[in-house]
Amino acid sequence: MAKMQADETPSSSPSSSLKRSEFVVEEYAEASLQQGKSLGQVHKELSIKVREVRQDLHDLINKRYEDFLALNTSLSGIDSTINDVRPLLGTLTSEIKRTHEDFSAKLEYIDSRLAYRSAIREKKQMLRLFIDLSQLIDRVESILQESQFLSTVAEGSSMEYIKCLERAAVDLGQIRYFVSKGSNYPFVQMAANKMQAIEETLHRALEVFLCSQIGRYLGGQHMDSGSLIACCLRTYSTLEEDEKAEEIMRNQLVRPFMLDLLVDKVSQNQLSGIGKGMGLDPKVFESIVHQILEFVRNVAVPLTNAIHNELSSPIYQHLDTRVFWQEISASIISALPLVFVPGIPDRFHQNYLTARHLMDEFSRIFTLAAAGTQVNGENSGADTKTSVLDSSCFAEFSRKWQLSAYFSICKKHALSVILKDSAGQQSSPLKDDGAYAGTKYSSELPDGRKGGNGDEQRVNAKLEKDKMDTLKRQYLLRRDWAAGAVWAIEYCWSSEIYLEPLAANFWHLTLQIVSWYEQMTDERISQLAVKDSPELAKNTAIGGQEIGELLDHIHDMYVLKHQLVAYTKSVIFEKLSQSTETGAVVHHSSPNAAADRDSVAAEAAVSGNAENLETDIVQRLEPLQRTCSYALKNMGAALVASSCSNLGSQIRRATSQFRHTNREPPTTPSSFTSKLFAALKSIETQFLATQNANEDGGGGGEMDSSGMAGEHEFRDRTRAMLRAETCAGISQEMAKACTEALATISKTEASLQRLRKTRVYAGGSSGAASDREQSKKQQALDESALVPADVDLRGKALSSDNDKIRRQIWLDVTEVGRIIDDHGAHAHDEYSDLVETIAPLGPA
């Protein structure tokens with residue numbers, strides 16, 4: 001293995017190069033040079049190598065000596081043999097040279113003959129080309145002369161005439177082939193001039209014939225002219241001039257009709273007094289579309305059917321779009337530019353719907369024609385979803401409609417109803433950067449004021465009060481913000497505003513409006529529901545404005561949530577689904593990636609089910625719902641603070657009537673226990689009753705089931721949360737006050753007992769010291785216990801004042817517990833512990 005590696009690796013040292021079986025001078029010299037050896041050292045190594053080689057040679061000769069001697073014997077006589085063969089080899093060489101020269105001469109002769117024959121063949125082909133080309137030109141000229149004769153005779157020769165032109169077109173195609181094949185020949189170049197003249201003549205004849213047949217077709221001769229037009233188109237196809245034929249049909253068949261129609265209607269529109277930039281009168285545009293569709297049914301469809309019946313080639317299978325729709329749309333774009341501008345949004349909306357009707361009906365008509373169904377009426381039964389037309393053919397016409405500008409106008413109007421600053425300048429915290437997704441919008445107004453300060457005069461400045469009141473009655477709403485949000489959302493999705501291509505944009509705007517309402521209401525509720533708010537505490541009585549406004553906002557939140565969920569399921573989801581099915585979702589107002597993501601999210605939600613959209617609405621109201629829960633907790637705390645402000649003095653006043661008065665033991669709770677819940681009762685009576693002033697004071701508006709569900713949820717949740725917070729707080733405060741009162745009684749009794757025992761121990765006795773020590777321990781236990789161990793009033797007649805007071809406290813605590821149970825709430829843990837502790841103070 002070591003030897004193989006040495007052979008494979010370039011000589012790393014001179015010694016290794018000398019040991020190899022094949023000595024390479026270059027490798028040895030390079031290795032010696034790298035090691036820096038002198039000439040003496042190299043000479044010495046080479047001398048040693050020579051001696052080794054000579055020794056190996058001697059060893060080899062000695063080893064095979066007999067073979068070495070036999071080598072000399074076997075080579076004897078070889079020189080004579082070579083000399084004998086040399087003359088014979090010379091003779092053979094001379095014969096081979098002579099044969100080679102003979103063959104070369106014959107091959108040169110054969111090559112010359114083949115070249116001569118090739119030239120003859122080429123001349124023959126050129127002559128045949130000239131003859132064929134000449135014959136074709138003569139034949140085409142004679143065909144054209146025949147066609148000129150046929151054009152002057154009776155109408156019945158029109159078919160023969162177009163067939164002559166078709167034959168001439170076929171021959172012209174062959175002439176083109178021959179001219180392209182022999183373009184280097186002078187006579188072919190001369191024939192090319194004749195071919196150009198023939199081509200011009202043929203094109204002129206075809207164009208004149210096609211125009212005349214189109215005129216006859218428009219004159220009512222559908223059957224004959226339709227087949228002749230088809231033959232003419234086939235001739236154009238033979239000449240590979242199908243685009244030229246389609247252009248002639250657009251110019252001669254469609255354009256005159258459109259010019260006459262549009263010039264007449266535009267003049268009527270101008271005479272009607274419509275200002276510049278105000279758009280086209282929807283009735284005028286509807287009349288235009290109606291006449292266009294009549295033209296399509298009565299002219300376009302019969303002609304395309306006749307052409308398709310005559311021609312099997314797929315070249316003219318799209319005459320409906322490449323001839324009729326292309327010219328119709330181009331004429332509308334050119335003659336009616338203002339129809340695409342949303343100068344007056346109402347007109348733009350109606351005109352766009354009319355244009356959509358034109359595109360849908362145009363597609364439906366040709367779909368029915370392809371299926372062999374009659375298209376005499378607009379309501380012919382057929383599945384229009386399987387359209388033979390590609391929707392891309394309408395793309396250019398659809399892009400002309402300034403939908404983004406229309407959406408901006410609608411958005412501006414919707415938001416102007418919601419927000420309006422004091423200077424009359426519209427300003428909205430709704431941004432187009434998609435920040436509403438999980439974040440809050442800024443509520444800063446242009447003049448530096450902060451929104452959400454309760455100044456609702458800037459809300460719905462343009463919406464009449466009667467309209468606002470109608471919305472409130474219809475949806476059981478109480479504040480203008482919620483009514484404004486409802487109006488704005490219904491405005492976006494109303495049939496007078498909504499357009500299918502803007503479905504994602506309107507959904508985006510809907511979420512913005514919901515976020516606006518959530519932000520503004522959240523800020524106002526947060527201001528009203530500050531913990532331990534003096535205003536909230538002092539207005540807990542009936543008629544408190546702060547309490548009323550707070551509960552109104554909470555009420556509207558629940559009602560609006562149910563209304564929006566129901567509206568999303570019944571209206572928005574259906575419209576978004578329709579726009580997704582028709583592929584009409586176009587993001588015209590998505591200037592950034594965040595808005596695009598929301599539009600895509602809307603389409604993804606539609607592809608699932610309505611619950612996804614409802615979840616989006618609910619999620620945007622979740623922060624407000626949490627704020628409402630926080631507000632209700634603070635309201636409950638304020639009610640507790642107001643109701644229990646003098647609870648300790650009330651308990652002392654109720655129990656003081658039994659001290660040193662000899663009154664009968666108490667049997668009923670104190671009157672203040674029911675008054676503890678008076679504030680809660682007043683709020684429930686005024687704001688949470690089944691029928692309240694807001695509902696009774698309406699104008700007879702109807703309330704749907706979704707709004708009623710929101711009303712019930714508001715009442716149930718608000719009542720439950722207020723009761724839970726209030727009952728827990730009152731029970732806790734009651735437990736603290738009663739604990740303090742019972743502790744005071746226990747301490748007083750312990751002090752009196754200590755005083756009496758001190759007097760007894762003062763008389764002296766042998767065990768007085770130990771008894772005194774035991775008495776101190778018992779006194780300490782009695783002072784720390786709310787109910788001393790020796791106090792048990794169950795089944796006993798009350799005699800002492802303290803027992804009567806303890807019984808009164810037990811009655812009051814029990815009464816509070818009963819009231820809490822009647823409210824369906826739970827008492828605080830401290831109260832429950834107190835009830836268990838004072839159980840011995842009861843009557844049984």
Side-chain angles (χ1 to χ4, degrees), residues 3-4 6-11 14 16-33 42-43 46-47 49-137 174-192 195:
K3 184 176 181 181
M4 291 177 63
D7 292 342
E8 292 174 359
T9 306
S11 57
S16 62
S17 299
L18 292 174
K19 294 178 182 179
R20 292 169 56 183
S21 60
E22 295 181 1
F23 177 72
V24 182
V25 178
E26 289 79 2
E27 294 182 0
Y28 176 75
E30 182 180 359
S32 300
L33 182 62
V42 173
H43 182 268
L46 292 177
S47 298
K49 179 64 177 178
V50 169
R51 287 196 297 270
E52 291 178 354
V53 171
R54 287 177 179 175
Q55 184 63 38
D56 292 339
L57 180 61
H58 291 162
D59 294 341
L60 182 61
I61 293 174
N62 293 331
K63 183 177 179 180
R64 302 183 63 180
Y65 185 73
E66 294 181 355
D67 295 336
F68 180 74
L69 294 178
L71 180 62
N72 186 27
T73 304
S74 60
L75 294 176
S76 61
I78 192 66
D79 293 337
S80 60
T81 304
I82 293 173
N83 292 331
D84 294 340
V85 174
R86 183 177 289 117
L88 180 60
L89 292 175
T91 304
L92 182 61
T93 302
S94 61
E95 290 295 333
I96 290 174
K97 288 182 179 180
R98 191 182 312 108
T99 302
H100 178 267
E101 292 175 356
D102 293 341
F103 273 105
S104 298
K106 291 181 178 181
L107 288 175
E108 290 178 359
Y109 174 76
I110 292 172
D111 289 340
S112 63
R113 295 298 298 175
L114 289 176
Y116 175 76
R117 289 185 179 183
S118 177
I120 294 298
R121 188 181 299 107
E122 184 178 356
K123 291 179 180 180
K124 182 178 180 181
Q125 291 177 353
M126 183 174 60
L127 181 60
R128 172 55 60 188
L129 176 63
F130 177 77
I131 294 172
D132 292 342
L133 188 57
S134 177
Q135 290 177 353
L136 284 172
I137 293 175
Q174 294 182 0
I175 292 174
R176 288 176 178 174
Y177 169 75
F178 287 134
V179 168
S180 63
K181 185 177 179 181
S183 58
N184 296 328
Y185 300 137
F187 71 91
V188 174
Q189 296 176 359
M190 296 175 59
M195 181 193 70

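Here CG of Leu114 is found 7.0 Å from CZ of Arg117. Values are rounded to the nearest 0.5 Å. One finds the CD1 atom of Ile96 at 12.5 Å from the CD atom of Glu101 (value rounded to the nearest 0.5 Å). Atom NZ of Lys63 is separated from atom CG of Asp56 by 11.5 Å, given to the nearest 0.5 angstrom. Distance check, rounded to the nearest 0.5 Å: CG of Leu88 to OG1 of Thr93 gives 9.5 Å. Residue Arg54 holds its CZ atom at 10.0 Å from CG of Leu57, rounded to the nearest 0.5 Å. In this structure, CG on Asp102 lies 11.0 Å from CG on Leu107, to the nearest 0.5 angstrom.
The existence of a salt bridge linking Glu95 and Arg98 is confirmed by a sub-4.0 Å separation between a basic side-chain nitrogen and an acidic carboxylate oxygen.
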Stepwise side chain to side chain contact (heavy atoms under 4.5 Å, CB included) check, Lys49 with Glu52 = CA-CA 5 Å; Lys49 179 64 177 178; Glu52 291 178 354; 4.2 Å; yes

